[in-house]
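Report on the structure given below.
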Amino acid sequence: MQMKDLLALPAFAKARLLAGKRGLDKPLRSANMIHFFDPGVNMEPHQLLLAATFKKGHPYSLVAFVQELSKQKCAGLVVQTKRLEKAIPAVVIDACNRLQLPLFELPDTIHFSEFVHQLTQFLLTGQTTELHQALEIHRRFADVIVSGGNGTSVVVQLASMLNVPALLLNDQLDMIASSDPVTNDSFFEKYWRLRELIPSKQLPTLQLSILQEENENPCAVFPIRTACARKGYLIVLGSASKSDCPFALAIEQAANVLSFELMKLHAAEQQARLAQNSFFSDLVEGRRPLEKEHDEAYPFSVNKDYVFIAAHLDNTSELLTNEEALEQHEDLYSLLVRLFRERYPTSHVFWKNDVYVVVIESDRSSNEEAKLLAEVDTVQQDIQALFRSGVSFGISSFGSLSEAASLYKEATAALQSGYREHLQSFIKTHRAQELADMLQLIPSEKLTAFCQTALQTLATPESPDQAELARTLSIYINHNCQVAETAKVMAIHRNTVIYRIKKCEELLGCDLKKPDETLRLRIAFLIRPLLQEKKALL
């Protein structure tokens, strides 16, 4: 129902529309009554406000009242001339026109109770009609699903009912269903425009929003959120004027049906993902014979080389709820799949031990490693822009599937090495591990003696203050002795870094401006975790 439908009531035959003519297309859901204009009134959205009298007051306090009504999405205002002590001020009428808030005046020849009775009957009749329409629309969409249709069929049915194109986007804003082919230039252009508009708008969940840019036709966006946190967006490229079908009602009912389709899709994806991760665990742990790798879902070959890329999101918040953490995991997983498949169509993303692992087939080109590093760097920047948090990568060497366990170990070791050095948003290749591999060949006693000589009491800190000094020194050295970078990583003031570094120089009796001193300390900090790992194995 809309405000203009009130004009058909007999009680409105002699009513005057004082202001807000452009707001007659506003939806009307209910009505409320007040004794006089009160700026502190609270009301439901799309509610008609009835005032049996008009209290005198300063004109600008009445303007504030009208502005508050507009903020609360008031459908309109009806006042009666009976006992009206003076005309409604011109500033109030101007405000209603500016805010497109319909303002009606009932003459005293109409009994107010009669008007309320007619309005109540009108609203009840309208709500009953809407209920029947909702049931009919839902039945039509349900019939599509029962007859074997899917999300695309629902989108096509909605477009047919509204006589405008429609499409369904997933949570990554990729199109998963459309009523018109995307080969149509205008449709394709609009789709990409939507991909720019949606992230920039604070779209409320489960509420219809109208996006309209200058010189462009409006489009309706209805966010879909399911019980399993699988989100999507139902888009209608047009306005309600092109169809007699209730516009918002049809979109809402279609979204209800599509939410179940998205849940089914999510369940199927989860099942497939579990199978993928189980397959990968078997592969890197040697439980899967290589002759079985010619599976359609995983077209790996024993005759080709592959590279493994381990990825992990930096600074994951401990304040996230389980649902938020799961949603973040789902979003990053989907994003990694999309970004890597745009560059390497045959790539696969797996999940093992809290690490994402991307498996990419080698193209055996001369500059393959340089090209891979450039692509991973681009992926890293894209994720940074979307997640507002860095992601780090560890990259293995190239090898055959018979070396899958070794490639996986190389990738995760490179990732762990970067975190041991307190780096963030890094990309480390396995080649960076060669020094650590060489150090593993040296007897533990000699490594311990070198570490103790270089770091002295900081090798095994005995107090929290010493532990913080050791951590600051390690980060400082691994960031090329840059005070600003160290302060940024540790989230402390640069003066604090300077103070701690001076304390370390005094404690160790060294000058960190000398390259040979920083090299000794860098090697010592590389030895420390190796010794801790050996100790843990004993």
Any salt bridge between [X] and [Y], counting N to O under 4.0 Å?
X	Y	value
Lys488	Glu485	no
Glu285	Lys352	yes
Lys371	Glu368	no

Whether [X] side chain and [Y] backbone form a donor-acceptor pair below 3.5 Å:
X	Y	answer
His493	Asn495	yes
Arg341	Ser347	yes
Gln466	Leu458	no

Between Tyr344 and Asp363, a side-chain donor and acceptor under 3.5 Å: no

Any donor-acceptor N or O pair under 3.5 Å, side chains Gln380, Glu375: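 Side-chain D/A pair, Gln380 to Glu375: absent.
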
Would you say the side chain of [Y] lies within less than 4.5 Å of the side chain of [X], judging by non-hydrogen atoms?
X	Y	value
Leu234	Leu158	yes
Ile309	Tyr356	no
Phe398	Leu372	yes
Gln452	Phe450	no

